[in-house]
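Note that ligands are numbered from 1 as they come in the structure, with each ligand's atoms numbered from 1 the same way. Start at 1 with the first residue, then count along the sequence. Note that the coordinates shown come from a computational prediction; the quantities given were computed from them, not determined experimentally.
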Amino acid sequence: MDYGYYNGEIAPINEVKIPLNDRVVYFGDGVYDATMAYNGTILDMDAHIERFYSSLGKLRIPVPLDERALRAELLRMAALGEKDSWYMLYWSATRATAPRRHAFPVDTPSNLIITLTEQSGLRDFTTPMQVVTYEDKRFEYCDIKTLNLIPSCLAAQAAAEADCDEAILHRGDIVTEGSHSNVSILKDGSFITAPTDYWILPGIARQNLIRAAREAGITVVERHYTLAELLDADEIIMSSSSAQLSPVNAVDGRAVGGKAPELLSEVASHLAQHINSQFGFECCR
Ligand code: PLP
């Protein structure tokens with residue numbers, strides 16, 4: 001069963017009620033975070049909580065719960081999952097419940113939403129993705145995990161309609177990230193990934209990949225790279241909390257990557273150690 005939570009009330013997900021004056025309805029005015037949970041363990045919980053408070057601060061959204069209380073509520077929701085089943089644990093804070101006005105109230109409490117939804121599991125590290133490229137039309141707050149995701153939804157839909165798994169966004173010639181993932185490349189023995197400016201979300205899985213690459217002795221370079229470099233990369237890697245490492249084997253129908261399989265599998269094995277140690281069994285290889 002999938003569960004929902006709104007300001008402390010828990011119910012089956014479609015029975016939770018949200019007031020129409022919640023600013024999330026009119027403006028998508030809120031921030032979120034999400035990660036995988038299994039048998040009550042929340043993957044990379046500290047990093048996700050840290051990013052959530054950072055997103056709140058950047059948009060001046062009041063903290064819905066202090067960190068200790070938020071952790072307790074997330075663990076309470078994760079504990080509702082069935083034994084040996086994977087879940088997406090998602091939470092958001094919406095700015096306020098208030099009459100519709102663009103300028104926002106500054107002294108109204110925010111609302112906390114949590115959902116726990118069953119998933120098939122973490123995506124296998126060896127299953128390749130096919131992707132499309134898509135012009136990045138998002139605004140300049142991409143470093144904040146806001147609820148305003150329409151351009152990302154349009155890009156993901158374009159990928160789905162092309163029978164692909166993800167869309168790689170670009171601003172002109174510069175690759176930014178995926179519609180709901182980060183994208184990095186391996187080239188001539190280096191791991192190259194876009195810097196964490198306001199064009200990309202500082203993904204927790206991206207951070208895991210950087211750590212894994214360094215552990216494998218690979219030089220990590222955080223810099224912008226072009227579509228031409230993407231197509232010419234030895235390997236292209238998509239990363240997100242539910243698909244921590246997915247090699248790409250086709251971009252816009254054109255074969256790519258597959259030129260540094262040993263390096264890729266070294267990164268994958270260090271990443272797997274990081275994840276397996278949290279869940280206490282070999283869920284990744
Ligand atoms: N970039 C965007 C735009 C995303 O929406 C996401 C995840 O939802 C990511 C990157 C990956 O972030 P994470 O690794 O923290 O899941």
Side-chain angles (χ1 to χ4, degrees), residues 28 30-38 42-56 58-59 74 86-93 113 115 117 119 121-123 125 129 131-160 165-171 174-185 191 193-213 220 222 224 230 236-246 248 267-268 271-272 274-275 278 284:
V31 298
Y32 75 106
D33 224 299
T35 185
M36 299 294 283
Y38 182 88
I42 300 172
L43 181 62
D44 294 323
M45 187 184 192
D46 292 351
H48 284 276
I49 287 181
E50 189 183 327
R51 184 174 62 188
F52 180 63
Y53 283 108
S54 159
S55 295
L56 287 171
K58 286 176 179 174
L59 291 185
L74 293 176
W86 287 94
Y87 290 88
M88 174 64 71
L89 181 69
Y90 168 104
W91 64 101
S92 63
I113 294 171
T115 60
T117 53
Q119 309 291 317
L122 284 169
R123 190 182 166 99
F125 289 177
M129 281 189 179
V131 306
V132 294
T133 53
Y134 195 87
E135 181 69 37
D136 193 340
K137 296 178 187 156
R138 299 172 302 163
F139 57 13
E140 293 187 359
Y141 296 100
C142 303
D143 56 320
I144 309 171
K145 213 159 161 59
T146 84
L147 295 173
N148 306 122
L149 294 173
I150 288 174
S152 306
C153 292
L154 291 172
Q157 182 65 17
D165 303 285
E166 186 39 320
I168 291 183
L169 306 177
H170 57 93
R171 293 191 188 259
I174 301 295
V175 174
T176 52
E177 59 179 335
S179 77
H180 54 288
S181 57
N182 291 108
V183 54
S184 309
I185 57 174
F191 177 93
T193 194
T196 51
D197 52 19
Y198 50 78
W199 294 132
I200 74 153
L201 184 79
I204 307 302
R206 171 188 176 277
Q207 205 50 50
N208 289 345
L209 273 182
I210 289 176
R211 188 188 315 105
V220 172
E222 293 186 63
H224 291 294
L230 179 85
I236 302 176
I237 307 171
M238 308 305 296
S239 62
S240 70
S241 290
S242 57
Q244 293 268 331
L245 182 160
S246 301
V248 174
V267 176
L271 178 64
H274 171 75
I275 295 168
Q278 293 182 59
C284 304

Exercise. Measuring from the heavy atoms of S181, does anything fall under 4.0 Å of ligand 1?
Worked result: yes
Exercise. Within the structure, does G203 bring an N/O atom to less than 3.5 angstrom of an N/O atom in ligand 1?
Worked result: no
Problem set entry | Atom OH of Y141: over 12 foreign heavy atoms under 6.0 Å | no
Problem set entry | Side-chain touch L154/Y134, heavy atoms, less than 4.5 angstrom | yes
Problem set entry | N or O pair under 3.5 Å between H48 and ligand 1 | no
For this session: Answer side chain, backbone, both or neither: which part of S179 comes under 4.0 Å from ligand 1, heavy atoms only.
Result: backbone
Exercise. Are any non-hydrogen side-chain atoms of N182 and T193 less than 4.5 angstrom apart?
Worked result: no
For this session: Could you pull out, from Q244, Q207, E177, the option with a heavy atom nearest to atom 1 (N) of ligand 1?
Result: E177
Problem set entry | Non-hydrogen atom of R138 closer than 4.0 Å to ligand 1 | yes
For this session: Return yes or no for this condition: an N or O of R206 is under 3.5 Å from an N or O of ligand 1.
Result: no
For this session: Could you say whether the N/O atoms of A34 and ligand 1 ever approach to under 3.5 Å?
Result: no
Exercise. Counting only heavy atoms not in E50, do more than 12 sit closer than 6.0 Å to its CD atom?
Worked result: no
Problem set entry | Protein heavy-atom partner closest to atom 5 (O) of ligand 1 - residue, atom, separation in Å | H180 CA, 3.4 Å
Exercise. Nearest to atom 8 (O) of ligand 1, what protein heavy atom do you find, and at what distance?
Worked result: K145 NZ, 2.9 Å
Exercise. From S152 OG over to K137 NZ, what is the distance, rounded to the nearest 0.5 angstrom?
Worked result: 12.0 Å
Seminar exercise, completed: protein heavy-atom neighbour closest to atom 14 (O) of ligand 1 works out as A205 N, 2.9 Å
Exercise. According to the interplanar angle, ranging from 0 to 90°, do the rings of H48 and W91 count as parallel (below 30°), tilted (30 to 60°) or perpendicular (above 60°)?
Worked result: perpendicular
For this session: Would you tell me whether D136 and T176 have side-chain atoms, one donor and one acceptor, within less than 3.5 Å of each other?
Result: yes
Exercise. Which atoms of ligand 1 have any heavy atom of S241 under 4.0 Å away?
Worked result: 13 (P), 14 (O), 15 (O), 16 (O)
Exercise. Any side-chain heavy atom of K145 within less than 4.5 Å of one from F52?
Worked result: no
For this session: Begin from the C-alpha positions of Q207 and R51 and carry the test side-chain contact (heavy atoms from CB on, under 4.5 Å) through to its verdict.
Result: CA-CA 12 Å; Q207 205 50 50; R51 184 174 62 188; over 6 Å; no
Exercise. Which protein heavy atom lies closest to atom 11 (C) of ligand 1, and at what distance to 0.1 Å?
Worked result: N182 OD1, 3.7 Å
